[in-house]
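As structure tokens, the structure follows; a few thoughts come after it.
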Amino acid sequence: MSEEEVKQQERGEHEDPMVTRRRKIDELVAEGVQPYASGYQPDSRSADLNKTYEGLEPGTETQDIVTVAGRIVAKRNQGKMGFYVIRDAQGDLQLFVRKNVIGDEAYDSAKNLDLGDWIYAKGNVLRSRRGELSVQPTEIVLLSKSLRPLPEKFHGLTDTETRYRQRYVDLIANPEVRSTFKTRFEIIAAIRAFMATRGYLEVETPMLHPIPGGAAARPFITHHNTLDMPLYLRIAPELYLKRLLVGGFERVFEINRSFRNEGMDPRHNPEFTMIEAYQAFGNMESMMELVESLIVSVTTEVIGTTDVEYQGTQVSLAAPWRRAKMADLVSERVGEKVDTHTDIKTMRALCEKFEIEFDESYGSGKLLTELFDELVESTIVEPTFVYEYPAEVSPLSRRNDEDPDVCDRFELFITGREFANAFSELNDPLDQRARFEEQARAKDAGDEEAMWIDEDYLRAQEYGMPPAGGMGIGVDRLVMLLTDAPSIRDVLLFPHMRPEA
RNA sequence: GGACCGUUAGCUCAGCUGGCAGAGCAGGGGACUCUUAAUCCCAAGGUCGUAGGUUCGAUCCCUACACGGUCCA
């Protein structure tokens, strides 16, 4: 190694960036500086300042002293002055650091700061000649030293794996990601506010279920040590919410996580957020009104319009929404009149014609549903209530009074995807028992998603549940629609991932 | 579970028909008192996802595996 190379190494020129930053911490500590200081509270935030000083002319300086804090995301040193951009929860703000204002020693310390460091600064407000609102510090305090280099300033962080695994870095580097999640939580707040205006009480029911119920899905299983018994993460809150109707609550809703032990893809995460709501004396019709009003209201409030663009497709969410019977939609698509009463040979032939797999155990109702799922669902772009679901696939729904083979149930489809599921609730304990028993037979026959018999739920119904309407909306999907997110992972802060390689 | 695509410096990406591994940004040194993807000069930075194979020689071709993405079941 040459003498020059030795000198370079001593100056840290060959160091890994993390080593360089560790060295800077050691140097600060040696100087008596705490690299993780506490007790500094900024009195101003970036966007607030920009608003307050909106009219400040370029090149003018105020004597207003403010304190600010944030993470350094850009540093442009220029001899005896420098421009440091700090990012706080509201956005970015420029610090105009001048050697003759802050002093020689503090200026050199500031030059030693790294991108990613959290700092606090005190100084007067001015607008630079180039028009950027700035704070001109007389004091800068390091609040938290960053040991890892930030992603590239211009392109940000694009690697999907890193973005999902290290969402904190994604949030630092990509401001639009922060904006997406802000919208997510505004949507959820707006849903809560809307439900409150409708007189619904937000409740909490168990997430650990002794019997998983309320949906057709495989559950996660866990174990209670003290009781030495299996417990299941809930696949839906439905059966507990309806027990509350039995108890006399007339309008309840719950908005929280459910868990399904299924595959992961751009629309499914093992844990996801749903709102479910139940209204005594309501029915399918009142649930259509509720779902439509809720989505229109929340959309208008959060994004300011009912015209949305999702992945290049324009969609109007303006009410009223189209209503169509499942059997009519399928008939139209397959070119012949079919419904739940069509003989099973015809239905099987249609499935074969369209290359749809089915099981021998499926009745005409389930075959109709398969045809709908495969041939029609993805073609529905504008909001559409598809109703009259076969009773065969609706074990918790009330039968239609005129045609007991179908239920007063609908699903809402937008952009080819299911957004909501709702129905007049089945409150006849005798019919409910029969439906559960049918499910139990399917389970015995190997259907892993078939429902279990929940004796306590039946007992509750035997006390009498008022007639009711109930609905569930997939909140993650609604957020995807309103933020134009292609994948559910883009609207979940910490999507589920395999362990790192 | 299957098909296809991807994995190269901290980040964003090049890398031709198999022949010594490239750039920009970030980081280091220097110049610069109105920049905002600042600019200019200098120096540095790599187990090419992992493990095998073919070859005189592999980032490149082949196989397996891992992780990610999309589509399908």
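As a basis for the values below, the full set of heavy atoms in this structure was taken, side chains included, without hydrogen atoms, waters or symmetry mates. Order of the sequence lines sets the chain letters (A, B, ...), proteins ahead of strands, with each chain counted from 1.
- Remark: A:R409 qualifies as a cation-pi partner of A:Y389 under the 6.0 Å distance and 45° angle criteria applied to the six-membered ring.
- Checking B:G1 for Watson-Crick or G-U wobble geometry (two distances, each under 3.5 Å) identifies B:C72 as its partner.
- Residue contacts shown for A:R489 are limited to sugar-phosphate atoms, with no base heavy atom under 4.0 Å away.
- At the phosphate of B:U7, neither OP1 nor OP2 sits under 4.0 Å from any side-chain N or O atom of A:T162.
- Residue A:R417 holds its CZ atom at 3.5 Å from OH of A:Y310, rounded to the nearest 0.5 Å.
- Distances shown here put every side-chain N or O of A:R76 at or beyond 4.0 Å from the OP1 or OP2 atom of B:U39.
- Mapped onto RNA chain B by nearest heavy atom, A:E132 and A:R267 fall at different nucleotides, with A:E132 at the one closer to the 5' end.
- Using a 4.0 Å heavy-atom criterion, one finds that A:Y164 contacts the sugar-phosphate atoms exclusively.
- Separating the C1' atom of B:C72 from that of B:G18 is a span of 36 Å, rounded to the nearest Å.
- The environment of CD in A:E105 is sparse: at most 12 heavy-atom neighbours from other residues, nucleotides or ligands sit within 6.0 Å.
- A salt bridge links A:K24 with A:D114: the distance from a Lys NZ or Arg NE/NH1/NH2 to an Asp or Glu carboxylate oxygen falls below 4.0 Å.
- Comparing B:C34, B:C13, B:G27 by their nearest atom to the side chain of A:R129 picks out B:C34.
- Counting non-hydrogen atoms under 4.0 angstrom, A:K24 reaches the backbone sugars and phosphates but no base.
- The partner of B:G18, taking Watson-Crick or G-U wobble pairs whose two distances both stay under 3.5 Å, does not exist in any strand shown.
- The gap from the C1' atom of B:A3 to that of B:U17 amounts to 29 Å, rounded to the nearest Å.
- Using a 4.0 Å heavy-atom distance criterion, A:G263 is classed as making no nucleic acid contact.
- An OP1 or OP2 oxygen of B:A66 is reached within less than 4.0 angstrom by no side-chain nitrogen or oxygen of A:R498.
- Base pairing of B:U7 is made with B:A66, judged by Watson-Crick or G-U wobble geometry with both donor-acceptor distances under 3.5 Å.
- Applying the 6.0 Å contact sphere to NZ of A:K325 captures no more than 12 heavy atoms from other residues, nucleotides or ligands.
- Rounding to the nearest 0.5 Å gives a distance of 6.5 Å between CG of A:L233 and CG of A:L208.
- Nucleotides B:A58 and B:U50 are separated by 15 Å at their P atoms, to the nearest Å.
- Between B:C25 and B:G57, the two P atoms lie 39 Å apart (nearest whole Å).
- Residue A:N77 is classed as a base contact, given a heavy-atom separation below 4.0 Å to a base.
- Of the nucleotides present, none pairs with B:U54 by Watson-Crick or G-U wobble criteria with both distances under 3.5 Å.
- Of all nucleotides listed (B:U36, B:U12, B:C34), B:U12 comes nearest to the side chain of A:D159.
- With both pairing distances under 3.5 Å, B:U47 is matched to nothing as a Watson-Crick or G-U wobble pair.
- Checked by atom type and distance alone, the side chain of A:D339 pairs as donor or acceptor with a backbone atom of A:T342 at under 3.5 Å.
- Mapping A:K80 and A:A74 onto RNA chain B by nearest heavy atom places A:K80 at the nucleotide closer to the 5' end.
- Nucleic acid contact for A:T160: sugar-phosphate only, since backbone atoms but no base atoms lie under 4.0 Å from a heavy atom of the residue.
- A salt bridge links A:E271 with A:R257: the distance from a Lys NZ or Arg NE/NH1/NH2 to an Asp or Glu carboxylate oxygen falls below 4.0 Å.
- Against RNA chain B, the stretch residues 49-64 of chain A makes no heavy-atom approach under 4.0 Å.
- B:G69 and B:C34: their C1' atoms are spaced 44 Å apart (whole Å).
- B:C61 and B:C16 have their C1' atoms separated by 16 Å, with the value rounded to a whole Å.
- For B:A31, the paired nucleotide is B:U39, the pair qualifying as Watson-Crick or G-U wobble because both relevant distances are below 3.5 Å.
- Proximity of A:T20 to the phosphate of B:G28: no side-chain N or O atom is located under 4.0 Å from OP1 or OP2.
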